[in-house]
Amino acid sequence: MKKQTTMRVVRIVSIILIIVVVVLTIVLLSKKRRDMITIGTGGTKGMYYNYSQKLAEIESKDLDIRVKETEGSLANLRLIQQGYLDVAIVQSDVLYNAKDDGGERKFGAVTFLYIETVQVVVRKDSGIETISDLKGKKVGIGKKESAIPKNVEDFLSVYGMDMSDIVAESLSFEESSNALSAGTIDAFFCTSGAPTAAISELAEKTDIKLLSFNSDDLSRISKLNKGYDVTTIPAGTYKGQDSEVSTIGVYAVLLASDRLDDDVVYKITKDIYDHSAELNEHISTSNGIELDKEKENVVIPFHEGASKYYKEQGVNVDDGDDADGGADDAGGASDDGADDDGNE
């Protein structure tokens with residue numbers, strides 16, 4: 001009898017210990033999940049990826065940021081909406097097109113990061129001087145879920161052309177760079193912060209040039225999307241680029257999932273501003289982020305964690321309090337999603 005009682009006590013104690021271990025494991029996993037953040041970028045040779053790597057280094061003491069390669073802006077928007085990403089970078093023109101889609105938005109803006117430029121790259125000896133010269137040519141237009149195919153369509157339309165007038169190749173920045181060097185394509189579009197690694201590396205081994213556009217054409221293109229703006233790429237950004245290049249710019253905007261804790265988003269926002277010089281030091285088309293430009297450069301409501309930071313700085317931004325807001329529960333994104341050698 002005594003032996004049975006002892007065995008019963010041992011079983012009860014064992015069950016209690018198992019329950020304690022399970023509970024502790026759940027708590028520890030939850031804590032790790034709170035600190036592990038997945039950010040959607042673009043291809044490894046684009047600025048989204050490189051910028052995010054630097055941001056991950058800055059945050060490494062407190063947050064485990066995993067930099068995820070994707071096809072680019074459209075993929076990032078889809079993946080953060082579906083819960084596969086915690087944070088993502090998306091072009092402002094893509095956000096403008098999506099802001100009134102009528103669906104429940106499951107993310108908010110954090111900040112605009114820097115100016116991206118639409119770069120049209122050709123070989124210097126190609127004889128291609130304008131978009132009209134691309135007719136019948138093989139042109140790299142970025143990956144399907146990047147923002148670049150739409151940028152290409154807009155540029156072509158101003159010159160009375162459409163996709164049927166070119167031989168479009170869905171290639172990443174790196175693939176386009178290699179193809180232009182090998183002579184298997186005639187040109188490629190690259191929307192990214194400049195200098196872009198894929199173009200810099202190409203310029204070291206191949207004589208290239210970037211198409212520059214006149215003010216009238218740029219004005220017509222910029223009117224096609226409120227996320228567009230006229231900008232320039234300084235001379236000397238790439239090897240052999242002796243003149244300033246006039247083109248269209250868009251804003252790279254950082255988004256955060258509504259499922260991400262406000263205090264985590266607050267920290268990321270603050271750290272981006274505190275380290276803006278470091279984060280932007282290699283981007284020739286950006287002088288860094290500016291608090292007073294948030295309202296004009298970001299077309300969707302801000303995440304509440306980011307809004308808290310701006311309010312402390314005396315800047316009031318739309319945090320969507322009257323719209324479908326974010327939840328306060330913590331949690332990282334699912335590990336599912338689309339890895340790809342992409343664009344932006």
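- For Asn178, there are no side-chain hydrogen bond (donor to acceptor under 3.5 Å, both in side chains) partners at least two apart in sequence or on another chain.
- Scanning for salt bridge (Lys or Arg N to Asp or Glu O under 4.0 Å) contacts around Asp274 gives Lys270, with sequence neighbours left out.
- Legend: residues meeting salt bridge (Lys or Arg N to Asp or Glu O under 4.0 Å) with Asp271, ordered by chain and number and at least two apart, are Lys267.
- Annotation: side chain to side chain contact (heavy atoms under 4.5 Å, CB included) contacts of Ser52 (sequence neighbours excluded): Ile39, Thr41, Val67, Ile89.
- Under the salt bridge (Lys or Arg N to Asp or Glu O under 4.0 Å) criterion, Glu169 pairs with no residue, sequence neighbours left out.
- Lys209 is linked by a side-chain hydrogen bond (donor to acceptor under 3.5 Å, both in side chains) to Glu129, counting only residues two or more places apart in sequence or in another chain.
- Scored by the side chain to side chain contact (heavy atoms under 4.5 Å, CB included) test, Gln313 finds Leu291, Tyr309 as partners (sequence neighbours excluded).
- Under the side-chain hydrogen bond (donor to acceptor under 3.5 Å, both in side chains) criterion, Asp162 pairs with Ser164, sequence neighbours left out.
- Applying the ring-ring contact (aromatic ring centres under 6.0 Å, His included) rule to pairs touching residues 213-260 yields Phe112-Tyr251, Phe155-Phe213, sequence neighbours excluded.
- There is no side-chain donor-acceptor pair under 3.5 Å between Tyr96 and Gln91.
- For Tyr49, the side-chain hydrogen bond (donor to acceptor under 3.5 Å, both in side chains) criterion is met by Gln53, not counting sequence neighbours.
- With sequence neighbours left out, the ring pair (Phe, Tyr, Trp, His ring centres under 6.0 Å) criterion links Phe107 to no other residue.
- Legend: residues meeting side chain to side chain contact (heavy atoms under 4.5 Å, CB included) with Thr111, ordered by chain and number and at least two apart, are Leu113, Leu254, Ile272, Tyr273, Ile289, Glu294, Tyr310.
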